[in-house]
Each structure stands twice: as structure tokens, then as C-alpha cells.
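One structure is given here, and the rest of the page talks about it.
Numbering of ligands and ligand atoms starts at 1, following listing order. Starting from 1, each residue takes its place in the sequence as its number. Atom set for the values below is all heavy atoms of this structure, side chains included, hydrogens, waters and symmetry mates excluded.
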Amino acid sequence: MTPRPVRASDPVGIFDSGLGGLTLVKAIRKLLPYENLIYFGDLARLPYGTKSPSQIRAFSVENTQFLLEHGVKALVIACNSSASAAGRHVRNHFKHLPIVDVIEPAVHEALTRSKNLRIGMIATCATVESGMYEKFLKAGQSRVRVFSKACPLFVPLVEEGMWDDAATDLMIRRYVAPLVRKRMDTLILGCTHYPLLIPALKRFLPKSIHLVDSAMPTARKLEKMLLQKKIKNPGRRKGRLTLFVSDKPRQFTLMGQRFLGEPLSRVSVVRR
Ligand code: DGL
């Protein structure tokens with residue numbers, strides 16, 4: 001069957017292991033308000049950050065396939081663990097699909113901001129172990145020093161809504177203090193859940209350290225790609241946001257609203 005031609009009014013697909021990628025949806029809706037968006041959050045299989053690369057690759061291909069079945073014209077991989085472990089794999093698998101992920105935009109932002117080229121990166125175990133951030137940072141600037149730290153307890157702390165809590169402050173100190181001692185001047189938040197910890201991180205970090213949240217840089221990269229491919233929606237009506245999840249666990253509504261910054265509407269559960 002010949003694939004139907006891509007139309008600018010077709011939706012952009014975004015997937016994440018859960019609801020964290022909604023922080024990116026928020027940025028995309030701000031920058032590209034006329035784009036129709038379809039989001040898939042794989043809540044039934046969250047977390048990805050503790051899974052093996054081959055498992056993350058398989059999930060990422062399935063998520064992309066699901067979004068393609070809903071007619072997406074382009075894909076955003078919002079999940080850092082997927083982008084790190086499966087970004088190349090997904091691109092090879094879906095050669096004709098324009099794809100943006102969160103790593104390169106965050107790396108570009110960090111290299112632009114850092115003055116001393118000592119950059120910290122906090123993320124899930126899968127992202128840190130992939131070494132992708134380090135690879136991209138070094139490819140952009142060979143003199144950069146990268147200090148990475150896996151913070152496996154941050155995702156459950158955020159999921160429990162404990163972003164303003166002594167236990168979280170303690171874990172921030174434990175995970176992030178060694179990076180501060182390395183005299184980093186920039187810290188990449190390499191996980192979709194971490195933007196919710198920005199106030200707590202700012203309380204702990206010296207003011208001179210710049211935090212990099214990939215949401216807006218990724219939205220800008222998406223806009224650039226849509227323009228290049230001539231598929232940016234020229235419409236002037238607010239784009240539709242359609243949400244799919246593979247499960248609705250407890251705290252679902254609360255978490256979703258916190259990540260998206262507005263009430264969730266039209267959420268459909270799809271069984272995987
Ligand atoms: N979405 C994941 C990421 O950005 C965080 C949660 C998980 O471990 O699945 O790495």
C-alpha cells in the first residue's frame with residue numbers, strides 16, 4: 001500500500017515512558033500553538049530508566065509504531081532514557097519519519113551556556129550508562145569535561161509529589177554535591193521528571209550554576225525541522241492535544257496536571 005502524503009495539518013507524535021514528557025508538550029504548545037499533538041505515555045511500563053537497552057529499544061519502536069498508526073507527520077522522543085538507548089535504533093527503523101529527541105537540543109544549550117566547559121548531567125541509570133550525553137557534548141566541544149550522575153530515586157520522589165520535602169533535599173545533596181565539588185557551571189536535567197525538582201535544586205545549588213531543561217530547546221528544534229521539511233502547520237486555530245496512556249495509575253490526574261500545567265482532557269487508555 002502506498003503511504004498517503006504527509007499534510008502540514010497532521011499531528012506531531014510525542015512519546016515518553018510516562019507523564020514527564022508533558023513538560024515538553026507544554027513548551028511545544030507555547031512555541032507552536034497551531035500544531036496538533038498526539039502524546040503517548042507508557043505508564044504501564046514506566047520506569048524505562050531501570051530497564052535494559054534492548055527492552056527500551058523494543059518499547060520505543062512499539063510506541064513509534066502506535067503514533068504512526070495515528071497519522072503523525074513527525075516524532076518527538078521526549079523520554080531521555082529512550083532517546084539515549086534507542087534514538088539511533090528508532091531512526092534506523094523508521095527512516096522516513098522526521099524525528100527530534102531531547103539530547104541534542106539540551107547539549108547545544110549546555111555548550112552555549114557553559115563558560116568553564118565543566119558540565120554536570122543528572123539522569124536515570126539507563127541514560128547515564130548509555131554515555132550519549134557525554135558523546136554528544138564531546139562531539140560539540142572536545143575540551144568539555146562532563147560529570148554524570150545517575151539519580152534513581154528522583155523519579156519515585158517526583159511521582160510521590162515530594163518535590164518540596166526534606167527527603168528530596170537530602171537526596172539532592174547526596175546526588176548533586178559531588179558534581180558541585182567538580183566546579184561545574186552548568187547542569188543538564190537529563191530526565192523528563194526533573195524539571196519539577198528545579199525549585200528544590202535551586203535551593204541547594206550555588207546561584208552561578210545554570211540549569212538546562214531540554215523542553216524549550218527541543219520545541220525550537222522541532223520548529224526548525226518542521227520548517228525545513230515544509231510541514232509546519234500554517235493553520236491559525238489552536239491545535240488539538242490528544243493524550244493516550246497505557247495505564248492510569250494512582251495520582252494520574254494530579255501528576256498529569258502538574259507536568260502539563262493545565263487540566264488533562266481527552267485521555268484514552270490503550271492496552272499494550
Ligand atoms: N522518562 C524517563 C526519562 O526521561 C524518566 C522516567 C523513567 O525512568 O521512565 O529518562
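- More than 12 heavy atoms of other residues, nucleotides or ligands sit less than 6.0 Å from atom CZ of Arg203.
- The two atoms that bring Val61 and Phe94 nearest to each other are O-CZ, 3.7 Å, heavy atoms only.
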Report every pair formed by an N or O atom of ligand 1 and a protein N or O atom separated by less than 3.5 Å, giving atom names and the distance to 0.1 Å.
{"from": "ligand 1", "atom 1": "1 (N)", "to": "Asp16", "atom 2": "OD1", "distance (Å)": "2.7"}
{"from": "ligand 1", "atom 1": "1 (N)", "to": "Ser17", "atom 2": "OG", "distance (Å)": "2.9"}
{"from": "ligand 1", "atom 1": "1 (N)", "to": "Thr192", "atom 2": "OG1", "distance (Å)": "3.0"}
{"from": "ligand 1", "atom 1": "4 (O)", "to": "Asn80", "atom 2": "N", "distance (Å)": "3.0"}
{"from": "ligand 1", "atom 1": "4 (O)", "to": "Asn80", "atom 2": "ND2", "distance (Å)": "3.4"}
{"from": "ligand 1", "atom 1": "4 (O)", "to": "Thr192", "atom 2": "N", "distance (Å)": "3.0"}
{"from": "ligand 1", "atom 1": "4 (O)", "to": "Thr192", "atom 2": "OG1", "distance (Å)": "3.3"}
{"from": "ligand 1", "atom 1": "8 (O)", "to": "Tyr48", "atom 2": "N", "distance (Å)": "3.4"}
{"from": "ligand 1", "atom 1": "8 (O)", "to": "Gly49", "atom 2": "N", "distance (Å)": "2.9"}
{"from": "ligand 1", "atom 1": "9 (O)", "to": "Ser17", "atom 2": "OG", "distance (Å)": "2.6"}
{"from": "ligand 1", "atom 1": "9 (O)", "to": "Tyr48", "atom 2": "N", "distance (Å)": "2.7"}
{"from": "ligand 1", "atom 1": "10 (O)", "to": "Ser81", "atom 2": "N", "distance (Å)": "3.1"}
{"from": "ligand 1", "atom 1": "10 (O)", "to": "Ser81", "atom 2": "OG", "distance (Å)": "2.6"}

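- Looking at heavy atoms from C-beta onward, Arg45 lies in side-chain contact with Asn63 at the 4.5 angstrom threshold.
- When all heavy atoms of Leu67 and Phe15 are compared, the closest pair comes out as CD1-CB, 3.9 Å.
- Residues in residues 67-78 take part in these side-chain hydrogen bond (donor to acceptor under 3.5 Å, both in side chains) pairs, two or more places apart or across chains: Glu35-Lys73.
- Residues Ala110 and Leu137 come closest through the heavy atom pair CB-CD2, 4.4 Å.
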